[in-house]
Undergrad: 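Quick one: the structure is below, and I'll ask about it shortly.
Just so it is clear, the model here is predicted, and its values are computed rather than measured. One-based numbering along the sequence shown.
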Amino acid sequence: MSINLEDWIHEADLVSMQKAMSSGECTSEALVLAYIERIHRYNPLINALLEINPDALEIARNLDLERNTTGSRGPLHGIPILLKDNIDTYDRMHTSAGSIALAESFAPEDAFVAAKLRAAGAVLLGKANMTEWSNFMSNRMPAGYSSRGGYVLNPYGPGKLFVSGSSSGSAAAVAANLTAAAIGTETAGSIIGPASQHFLVGIKPTVGLASRSGIIPISISQDTPGPISKTVTDAAILLGALVGIDENDKATWTSPHRTFHDYTSYLDRDFLRKTRIGIPRHYYRSLDEERLSIMESAINVLREQGATVIDTVNLHLEQHPWNNDVICYEFKTGLNRYLSKLNSDMPVHSLQDLIAYNQKHAASALKFGQDNLIRSEQNALNETTYQLKRQEYNHPAVTRGIDYVLDQHGLDALMLPGDVDGMYIAARLGYPLITVPAGYSAKGTIDADGDLTQGPFGVVFSGRAFSEPTLISIAYSFEQATLFRRPPEMG
């Protein structure tokens, strides 16, 4: 083999990996083995993975044989991809949403997106640690903690820097080069937040672009899986592999003719000069001086690259967006449906069972309580009152939200800071977001949760439903003009 894999996989992208395998310089088996060795060396420092797929090397060998006999399936053939621990796989990996209650749970079949990745030739490398129950268990639970896996740590400052969002293990693993890329899930900020805090690219797709079937849910109206990667190109490749119509997820029925199986055709380096981008200053107000400076520099990049910048625009929707009745109803309904289908030997088959299990095993299961689980179980909405509440919940976002301000100013997108506040409006509407590295904060401040906010920071581009092609073009143009990504100092 003519390349030193140990050094080469450090920051290698999907395109170069595919070229190396196609030319015979590398094999999928060697690639997977190199990542496994790296996981054994560095995962103890950041706790990003819960488990490695015990079949990963065999899968890689079979894909190498297939490449040599019938050819490659495409850009993901033989590429190791990590999945968040709330995404079902039918194999010998568990799916637990980070909970010790499901630590021994094996799913009966793949989630739709896991099956799509397998069909594309990806090697499902393992399961990533995550904030337990996607951070809908307790208001006191810190980002990145699960009773099954403990704390995910940010490789740019383990134990010091914020990890953000429930897909924190997926992001930490990609940032530390423990996998080629990963799939996370988002309800409100859980892909975009961790990607931003780990100098990565993350895409939260429009709800309905990628199926949620086989993913442990929070909100049927807001949940979506999406890619986390080191480059916009890699994220575009992964997104194309995830999309598709699923008869088991009605949200995907609205997406025909609005999805693409190859988003790489939208990687336009000069795209910013064709765009009008709005700056919603309300979401910049809580930034410390250094992160505000990063955002001001990003605005200057937009102008230097020829974008028309409209500063300031107002979304007229600045109140906290959560409606606990709506989200708790959706969580209870969706989780009961998921748990009811688990194998009979599992200790929980309903939200009520889960609460009782956690109480019985409080020493290990309830380090931060379960107030959100209890609140959801006690939710008294029925289908009729839920629908009325949901309409009330969504009305301001629909009438005075993203579409309104884009139409008002003739904009292609909005640019937001890479924290969670500005992501809630897109979450309510099920609209897409993409984040790209924008700078590194060396000083930082302590936020309301006691987390140090220094470190990597990204910008977020927000647009209309199914505007992924435009957002990918904008993000790629920004990325190529800046190239801010740098790896953590882990070796």
Side-chain angles (χ1 to χ4, degrees), residues 84-86 96-102 130-148 164-168 185-190 193 207 212 215-224 319-342 346-397 420-421 423-425 427-428 430 448-450:
K84 187 176 178 180
D85 183 43
N86 61 346
S96 71
S99 171
I100 59 168
L102 299 187
M130 58 179 283
T131 314
E132 189 166 348
W133 299 112
S134 295
N135 212 11
F136 204 71
M137 181 174 179
S138 168
N139 285 324
R140 297 192 295 112
M141 184 173 285
Y145 174 82
S146 72
S147 61
R148 181 183 171 201
S164 182
S166 64
S167 301
S168 47
T185 66
E186 176 158 331
T187 304
S190 286
V207 171
R212 289 83 52 81
I215 297 176
I216 300 176
I218 290 182
S219 165
I220 190 64
S221 61
Q222 296 184 191
D223 290 350
T224 181
Q319 73 271 24
H320 194 281
W322 287 103
N323 182 309
N324 281 329
D325 285 343
V326 169
I327 302 300
C328 286
Y329 176 88
E330 293 185 345
F331 178 71
K332 178 181 179 179
T333 303
L335 189 61
N336 278 336
R337 184 180 299 115
Y338 180 88
L339 294 176
S340 70
K341 298 177 182 178
L342 295 182
M346 284 297 98
V348 299
H349 292 90
S350 68
L351 177 55
Q352 187 175 33
D353 289 349
L354 175 62
I355 292 168
Y357 177 94
N358 289 339
Q359 290 171 338
K360 184 177 179 180
H361 302 85
S364 53
L366 291 181
K367 184 171 184 176
F368 298 100
Q370 57 179 341
D371 54 292
N372 283 336
L373 300 187
I374 293 170
R375 186 178 298 112
S376 298
E377 176 60 27
Q378 294 173 344
N379 183 272
L381 294 184
N382 57 37
E383 183 65 21
T384 300
T385 53
Y386 156 70
Q387 291 294 348
L388 290 172
K389 285 275 190 180
R390 183 179 171 190
Q391 289 176 17
E392 177 185 337
Y393 171 54
N394 286 338
H395 181 74
V420 176
D421 287 348
M423 302 173 199
Y424 282 112
I425 296 175
R428 291 172 73 168
D449 297 319

Undergrad: So, for N379 and C328, which heavy atoms are closest and what is the spacing to 0.1 Å?
TA: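 So the minimum-distance heavy-atom pair works out to ND2-CB, 3.8 Å.
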Undergrad: Kindly give the heavy-atom pair with the smallest separation between I355 and L373, and that separation in Å.
TA: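 Heavy-atom minimum between the residues: CD1-O, 3.6 Å.
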Undergrad: Can you check whether V326's main-chain N or O pairs, donor with acceptor, with K389's side chain at less than 3.5 Å?
TA: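 Not at all, since once roles are kept as given, no pair shorter than 3.5 Å links the two residues.
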Undergrad: Would you confirm whether E186, through its side chain, and G189, through its main-chain N or O, come within 3.5 Å as a donor-acceptor pair?
TA: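 Indeed, once roles are kept as given, a pair shorter than 3.5 Å links the two residues.
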Undergrad: Under a plain distance cut-off of 3.5 Å, with no hydrogens placed, do N86 and T185 share a side-chain donor-acceptor pair?
TA: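 Present: a donor and an acceptor within the cut-off.
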Undergrad: Can a donor-acceptor pair be found between the side chains of T385 and N382 at a distance below 3.5 Å?
TA: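 There is such a pair (donor and acceptor under 3.5 Å, judged by atom type) between the side chains of T385 and N382.
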Undergrad: Identify the two heavy atoms, one from I100 and one from S364, that lie closest to each other, and give their separation to 0.1 Å.
TA: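 For I100 versus S364, the nearest heavy atoms are CD1-OG, 3.2 Å.
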Undergrad: Is there a donor-acceptor pair under 3.5 Å between the side chain of Q222 and the backbone N or O of T187?
TA: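 Yes, Q222 side chain to T187 backbone: donor-acceptor pair under 3.5 Å.
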Undergrad: Can you measure from CE (M130) to OG (S146) and round to the nearest 0.5 angstrom?
TA: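 With rounding to 0.5 Å, CE (M130) is 8.0 Å from OG (S146).
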Undergrad: Determine yes or no for a side-chain-to-main-chain donor-acceptor pair under 3.5 angstrom, with S340 supplying the side chain and N336 the backbone.
TA: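 Yes, the answer is positive, given that a donor and an acceptor are paired below the 3.5 Å cut-off.
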Undergrad: Output yes when a side-chain donor or acceptor of S350 lies under 3.5 Å from a complementary backbone atom of D353, and no otherwise.
TA: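 Confirmed, S350 side chain pairs with D353 backbone.
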Undergrad: Are F136 and I327 side-chain neighbours, meaning at least one heavy-atom pair lies under 4.5 Å?
TA: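 Of all side-chain heavy-atom pairs linking I327 with F136, at least one is under 4.5 Å.
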Undergrad: Could you pull out the closest heavy-atom pair between Y338 and P217, with the gap in Å?
TA: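 Scanning both residues, the minimum pair turns out to be CB-CD, 4.1 Å.
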Undergrad: Any side-chain to backbone donor/acceptor pair from S99 onto A101? Under 3.5 Å, distance only.
TA: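 The answer is yes, because a donor-acceptor pair under 3.5 Å joins these two groups.
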Undergrad: Look at the aromatic rings of Y329 and Y386 and report parallel, tilted or perpendicular, splitting at 30° and 60°.
TA: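 Answer is parallel, since the angle falls under 30°.
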Undergrad: Any carboxylate oxygen within less than 4.0 angstrom of a Lys/Arg side-chain nitrogen, looking at R140 and D371?
TA: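 Between D371 and R140 there is no salt bridge, as every charged N stays at least 4.0 Å from the carboxylate O atoms.
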Undergrad: Any donor and acceptor pair, going by atom type alone, linking the side chain of T131 with main-chain N or O of G144 inside 3.5 Å?
TA: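 Looks like yes, one N/O pair under 3.5 Å.
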Undergrad: Does the side chain of R148 come within less than 4.5 Å of E132's, by heavy atoms?
TA: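 No, side chains not in contact.
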Undergrad: Under 3.5 Å, side chain of T333 to main-chain N/O of E330, donor-acceptor pair present?
TA: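 Between the backbone of E330 and the side chain of T333 there is no qualifying donor-acceptor contact (under 3.5 Å).
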Undergrad: Nearest heavy-atom pair of A143 and G165: which atoms, and what distance?
TA: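 Looking at all heavy atoms of both residues, the closest pair is CB-N, 3.9 Å.
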Undergrad: More than 12 heavy atoms of other residues, nucleotides or ligands under 6.0 Å from NE2 of H395: yes or no?
TA: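 Not more than 12 within 6.0 Å, no.
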Undergrad: Nearest 0.5 Å, what's the OG-CD distance between S376 and Q352?
TA: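 It is 13.5 Å, given to the nearest 0.5 Å.
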Undergrad: Are any non-hydrogen side-chain atoms of S221 and V207 less than 4.5 angstrom apart?
TA: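 Counting from C-beta outward, S221 and V207 never come under 4.5 Å.
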Undergrad: Do K341 and H349 come within less than 4.5 Å of each other through their side chains, counting heavy atoms only?
TA: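 The answer is no; the side chains never approach within 4.5 Å.
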Undergrad: Given side chains that start at C-beta, do those of N135 and S190 come closer than 4.5 Å, heavy atoms only?
TA: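 The answer is no; the side chains never approach within 4.5 Å.
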Undergrad: Just wondering, do M137 and N358 contact through their side chains at under 4.5 Å, heavy atoms?
TA: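 Yes, side chains in contact.
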Undergrad: Is there side-chain contact between S166 and K84, with heavy atoms separated by less than 4.5 Å?
TA: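 Yes. Closest side-chain heavy atoms under 4.5 Å.
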Undergrad: Is it the case that atom CD in Q359 sees more than 12 heavy atoms from other parts of the structure closer than 6.0 Å?
TA: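 Yes - once you tally the heavy atoms of other residues, nucleotides and ligands closer than 6.0 Å, there are more than 12.
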Undergrad: Decide, yes or no, whether a salt bridge links D223 with R212 under the criterion of side-chain N to carboxylate O below 4.0 Å.
TA: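 Salt bridge: no.
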Undergrad: If you look at every heavy atom in A397 and R428, which pair is closest and at what distance?
TA: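 Result for this residue pair: CB-NE, 4.1 Å.
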Undergrad: Are side-chain heavy atoms of S138 and W133 found at a separation under 4.5 Å?
TA: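 Not in contact.
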Undergrad: Output the distance between atom NZ (K332) and atom CD (Q378), rounded to the nearest 0.5 Å.
TA: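 Output value for this atom pair is 9.0 Å.
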Undergrad: Do Q391 and Q387 pair up side chain to side chain, a donor and an acceptor below 3.5 Å, judged on atom types alone?
TA: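 The criterion, which ignores hydrogens and geometry beyond distance, is not satisfied for Q387 and Q391.
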